[in-house]
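Take a look at the structure set out below.
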Amino acid sequence: MLNRRKFLLNSTLAATGVALQSKVFATPFREEKIAGNYPIVISTWDFGVAANQAAWKVLSSGGRALDAVEAGARIPEADPNNHSVGAAGYPDRDGHVTLDACIMDENGNCGGVAGMEYIDHPISVARLVMEKTPHVLLVGDGATQFAVANGFKKKQLLNAESEKAWKEWLKTSKYQPEMNIENKHFTPVPNKMPGNQYNHDTIGMLALDAAGNISGACTTSGMAFKLHGRVGDSPIIGAGLFVDNEVGGATSTGVGEEVIRNVGSFLVVELMRQGYKPEDACREAVNRIVKKKPELAKTLQVGFLAINKKGEYGAYALQKGFSYAVCNAEKQDLIIKGKSIF
Ligand code: ASP
């Protein structure tokens, strides 16, 4: 998959879902079912590249979108250098690493965990909540207990780098989500981020499998140094993630409170149902958020990523710096502001 020449060849195609669509419709003799641009997987941020590779292994062998997004989301969750997702996530202001995640399949089934401590793969626990309980969301201690009862090992998650960053933060204890901090560490592969000050970044993944079914996953450690007990949009179905197999799927990143207030991912999917293209739906959702709070227009970072049933995809973020990764049979790419960077 990591064929750089191929990336270059396909970089113009990568720029927009529209370009992909016209290519797809230029092949008139394909059946409707396979005429779409799938299987395909898309993910937020630069660490989505590595996540997509894991998801693609599942999709390219005919696997289910649900398995693909779970496999993909586990990659940044396990990355010791990723301080905004999973085990190495920065702690809250009291030094607790608390993780949030949710998952949703093509049948509208969903599950999530929020504020869960000591368990390094929240996305897999979220899937178990979906598959083994009559509930949608388990929180805090209950989520940890459920994970342990289902075979997960309890671990101390606060690693040396995260602890160092937290102790540094304690010196001033200034809590203000900093805009575009992600961009300072931008690189297309998961990297070591010395003194990394990421205070928000989530992986949201959406996959459309060979059978034409959509699933999504979303996982994060939330805002660094957050108030103990704070839960963002990422584990909330409809806010951080939503899938409707008739229409498409959406996921979000950025300041979760604003996304929850506007039920952001649900809104993006509903806009696509009304005929909006994925990128337009994402832009409209961001605009609705800003319309209510114009005073945040210059400081708030919030973004959405979406895919529709045909495999057209798009994204929109309020501030610059947002990237997303795309992987299908033709290419693997990382896109910033509509431009391929490979
Ligand atoms: N949306 C996440 C939260 O608010 C953080 C992020 O995506 O940057 O917890």
Side-chain angles (χ1 to χ4, degrees), residues 42-48 51 73 76-77 79 82-86 88-93 96-103 112-117 122-123 126 137 139-140 143 162 175-186 193 196-206 216-242 250-268 282 285-286 289 293 296 299-306 315-325:
I42 57 177
S43 308
T44 55
W45 301 110
D46 48 318
F47 43 60
E77 282 186 344
D79 180 354
N82 188 327
H83 296 298
S84 60
V85 176
Y90 279 169
D92 63 21
R93 59 181 55 195
H96 301 269
V97 178
T98 64
L99 303 179
D100 300 337
C102 72
I103 196 160
V113 291
M116 183 175 69
E117 286 189 70
I123 199 64
L137 186 61
V139 304
S162 299
Y175 182 59
Q176 195 179 18
E178 191 183 333
M179 185 178 82
N180 270 343
I181 198 78
E182 303 84 7
N183 208 26
K184 290 183 189 166
H185 304 284
F186 177 76
M193 295 172 281
N196 171 29
Q197 295 294 309
Y198 271 83
N199 59 9
H200 55 89
D201 260 15
T202 294
I203 183 149
M205 299 191 78
L206 298 160
C218 187
T219 178
T220 190
S221 51
M223 292 204 187
F225 321 128
K226 60 198 173 188
L227 217 71
H228 184 59
R230 181 265 184 188
V231 171
D233 56 328
S234 306
I236 312 287
I237 294 295
L241 175 73
F242 194 70
T251 188
S252 65
T253 184
V255 177
E257 282 73 3
E258 299 309 327
V259 177
I260 295 173
R261 287 183 181 115
N262 292 276
V263 201
S265 291
F266 180 75
L267 173 60
V268 172
C282 293
V286 168
I289 290 173
K293 293 195 178 170
L296 294 181
T299 53
L300 175 75
Q301 179 57 307
V302 66
F304 294 97
L305 174 68
Y316 187 79
L318 187 53
Q319 313 297 342
K320 62 178 186 189
F322 174 65
S323 61
Y324 68 95

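Predicted model, so just to flag it, every value in this text is computed and none were measured. One-based numbering, in listed order, for ligands and for the atoms of each.
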Problem - Chi angles and distances behind the side chain to side chain contact (heavy atoms under 4.5 Å, CB included) call for Val268, Leu305 - result: CA-CA 9 Å; Val268 172; Leu305 174 68; over 6 Å; no
Exercise for the section: Using distance alone, determine whether Glu257 and ligand 1 share an N or O pair under 3.5 Å. Expected result: no
Exercise for the section: Could you check which of Asp100, Thr44, Thr202 puts a non-hydrogen atom nearest to atom 7 (O) of ligand 1? Expected result: Thr202
Practice task
Answer yes or no: does an N/O atom from Thr253 fall short of 3.5 Å to an N/O atom of ligand 1?
Solution key: yes
Problem - Between OG1 on residue Thr219 and CD1 on residue Ile103, distance to nearest 0.5 Å - result: 9.5 Å
Practice task
Answer with yes or no whether Arg230 contacts ligand 1, where contact means a heavy atom under 4.0 Å from a ligand atom.
Solution key: yes
Practice task
Check ligand 1 against Ser234 and write out every atom of the ligand that is under 4.0 Å from a heavy-atom position of the residue.
Solution key: 1 (N), 2 (C)
Practice task
With heavy atoms of Asp233 as the reference, note each atom of ligand 1 found under 4.0 Å away.
Solution key: 1 (N), 2 (C), 3 (C), 4 (O)
Exercise for the section: Apply the test side chain to side chain contact (heavy atoms under 4.5 Å, CB included) to residues Phe47 and Asp79: give CA-CA distance (whole Å), side-chain angles for both, the deciding distance (0.1 Å), then the verdict. Expected result: CA-CA 10 Å; Phe47 43 60; Asp79 180 354; 5.9 Å; no
Exercise for the section: Compare all side-chain heavy atoms of Leu99 with those of Glu77 and state whether any distance is below 4.5 angstrom. Expected result: no
Practice task
For residues Phe242 and Leu267, determine if any side-chain heavy atom of one lies less than 4.5 Å from a side-chain heavy atom of the other.
Solution key: no
Practice task
For the residue pair Asn82 and Ser84, confirm or rule out a side-chain donor-acceptor distance under 3.5 Å.
Solution key: yes
Problem - Geometric N/O contact Gly256 with ligand 1, under 3.5 angstrom - result: yes
Problem - Check: Gly222 N/O within less than 3.5 Å of ligand 1 N/O - result: no
